[in-house]
Amino acid sequence: MKVRVRFAPSPTGGLHLGGVRTILYNYLFAHHHGGEFVIRIEDTDRNRFVEGAEQYIMECLTWCGLEPDESPVKGGPFAPYRQSERKDLYRQYADQLVASGHAYYAFDTPEELENMRKEHRKDEYSAAQYDSRTRLLMRNSLTLSAEETQQLIADGTPHVIRIKIPENTTVTLTDMIRGEVSFDSSLVDDKVLMKADGMPTYHLAVVVDDCLMEITHAFRGEEWLPSAPIHVLLWEYLGWKDKMPQWVHLPLILKPDGNGKLSKRDGDRLGFPVFAMNWTDPKTGDVNMGFKEMGFLPQAFVNMLAVLGWNDGTEQEVMSMDELISKFSIDRVHKGGAKFDFEKAKWFNHQYIQQTDDATLAALSRPFIEANGVNPGEELLLKVIPLIKDRCTLLSDFWTQGHFFFATPELKEKAAITAKWNDTKVQFFTEWAASLTNITDWTEQALEESFNELAATIGLKKGEVMLPLRIMLVGGKYGPGVFAIAEVIGMEETVKRVNSALVEIAG
Ligand code: GLU
C-alpha cells in the first residue's frame, strides 16, 4: 500500500511553527516511505476564512523547501484540493448517514438552541449540549414525523444534519504515538455535519476527503484528539472502517517555560517569531514577524523543528534534509510536548550560516543589508562575508556585524579613545594616515607592518593604538581583524576615517 499523507490547513491566518512541524513530519514520512504528500485546503468554514491565507501557506511551504506532491496549485489525481470546490460531493454522504440512522435533520433555530442550553444546564457552570440527553426534546427528524420532516425540507426550512452519537459507548482508536486511546461517547455531542448553508463542517469533510484521497496516515496536532472519536465513528458509519488512516496526533510545541501551548502572544511578549513568514492580518494591518524575515535560513528553521520533539536516537542534531528523510520514524517522536527554545533556534541558524558557501550567503544577506539604504557591489560583499560569517547568527547580522564595510560609521565609542588620548597618539595617527598613500601593496600584512614600525619609531606600544584604530574604522569595539577591515575598505576610505576621527576628537 502506498503511503499517502496530507496537511489540511484551514486558511485562517499565519502559519504557526507547530503547523510547519506537522508539515515537516508529513513530508519526511512520505519521502521516507516513497509515498505522497498532499496539501488540502479546508475552507468550508466561511466565517473563519481569511483572504490571502492560502497563498501565504503555499509560500511558506516553498520557502521551507517542503513542496507537496499534490495541492490546489499543483493539482493531482484527486483534484480539486480545496474543499469549497468539492462542496457538492459531501451532501450524499450526509444523506447516507441519515438513511442508515446515524445522523438526523435538525431544524432548531438559534434561539431554541440557546434555550435548551440554558434550561438543561449540566451543572452550575456549563450549559447542556445537543446529545442523547437532549436531542429528543428538540425539533429534528427524530422527534418529528417523517411527513413533517419531508415537508419542512420541501419548504426550504433552514436545517442542519447532525451525527447521532451513541449513548454510553467507548470509542477506541490506536494512535501511532500514544497507543490505544479511549473516549466515553457521552462526553461527545451530536456535532453538525452539514450546515444550513449547504457546506459540510470540518468533521464530515475531513473524513470524506481522507477516504476519497486515499490517505493512509493522518498527522495532526494533539488539539484534534478530542475530535477523533467523532471521526472514528464516521469512518465506521460510512462503512469505510478498513480504509481508516493510522492516526498520528503530534504533541504540542510549548512555551519556553513549559507552561502551555506556544502562542503568538508569547512570541510578541518574548521577542521571537512564531510564524514561518511575516503574516499581515488583512483586517487590522498588523504584521506578525516571521522566521524568514528575522533572518533564518529555511534549512536551519526546518532542522530545528525536526528535532523539536523527535530525535534519531543519537546526539546528532544538525542533519541535512536527506538525513532527516532517511532517519525519520514515528516511534521516535516524543509523547510529551516540546519546549520551544529560541536560543537553540539561533544556534541552528549559526551552524547553517557556517556551512553555507559565501556566494549563497551574499545573495541571502543582501536584502538585509539593502534594507539599510546601501547597495554594496558583489565583489565587496564576497570579501566581507568570510570575514564576519562566524559572528553572524541571523542573516540580519551581516548588517550589524558588517555595516562599516558598506557605509562610513559614526564614532559611537569615541569616549573609549579620548579616555586615554595624548599628543603622541595624535602625532602617530597623523603620520600613519599620511604614510598610507605610499603603500604600494595594500594588504592586511603590509598595513600591519607599517603600523607596527611607526608605533616603535614614535615609542608607543602597539596595544595603545590598536583600539583607537578599530574605533576609528568601525565606530565600536567589535569586528574582525582591524587591518583586514582596512584592506577591504581601501586606502582612501581608511585615510578619510582616521583623519576625520582626529578632527572629531580634537573638536
Ligand atoms: N483543518 C484542520 C486544521 O486547520 C485540519 C485538522 C486535521 O488535520 O484533521 O488544522
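Treat the numbers as computed from the prediction; the structure is a model and nothing was measured. Both counts, for ligands and for their atoms, begin at 1 and track the order of listing.
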Would you list the atom pairs, donor with acceptor, under 3.5 Å between side chains in residues 189-201 and any protein atom, with sequence neighbours excluded?
from, atom 1, to, atom 2, distance (Å)
Asp189, OD1, Lys191, NZ, 2.4
Asp189, OD2, Lys191, NZ, 3.4
Asp190, OD1, Arg135, NH2, 3.1
Asp190, OD1, Ile165, N, 3.1
Asp190, OD2, Tyr104, OH, 2.6
Asp190, OD2, Arg135, NE, 2.6
Asp190, OD2, Arg135, NH2, 3.3
Lys195, NZ, Thr44, O, 3.0
Asp197, OD1, Met199, N, 2.9
Thr201, OG1, Val192, O, 2.7
Thr201, OG1, Leu193, O, 3.3

Note down each nitrogen or oxygen pair, ligand 1 side and protein side, whose separation is under 3.5 Å; give only atom names and the distance to 0.1 Å.
from, atom 1, to, atom 2, distance (Å)
ligand 1, 1 (N), Ala8, O, 2.8
ligand 1, 1 (N), Ser10, OG, 3.1
ligand 1, 1 (N), Glu42, OE1, 2.7
ligand 1, 4 (O), Ser10, N, 3.3
ligand 1, 4 (O), Ser10, OG, 3.1
ligand 1, 8 (O), Arg6, NH1, 2.8
ligand 1, 8 (O), Arg6, NH2, 3.4
ligand 1, 9 (O), Arg6, NH2, 3.1
ligand 1, 9 (O), Tyr202, OH, 2.6
ligand 1, 9 (O), Arg220, NH1, 3.0
ligand 1, 10 (O), Trp224, NE1, 3.4

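Between Tyr25 and Phe328, the ring centre distance stays below 6.0 Å. Checked against a 6.0 Å centroid threshold, the rings of Trp63 and Phe296 do not count as neighbours.
Taking the side chain to side chain donor-acceptor pair (under 3.5 Å) definition, one finds that Glu223 meets it with nothing, sequence neighbours left out. For the salt bridge (charged side-chain N to carboxylate O under 4.0 Å, His left out) test, residues two or more places apart in sequence or in another chain that qualify with Lys241 are Glu236.
Heavy atoms of other residues, nucleotides or ligands lying less than 6.0 angstrom from CD of Gln55 number 12 at most.
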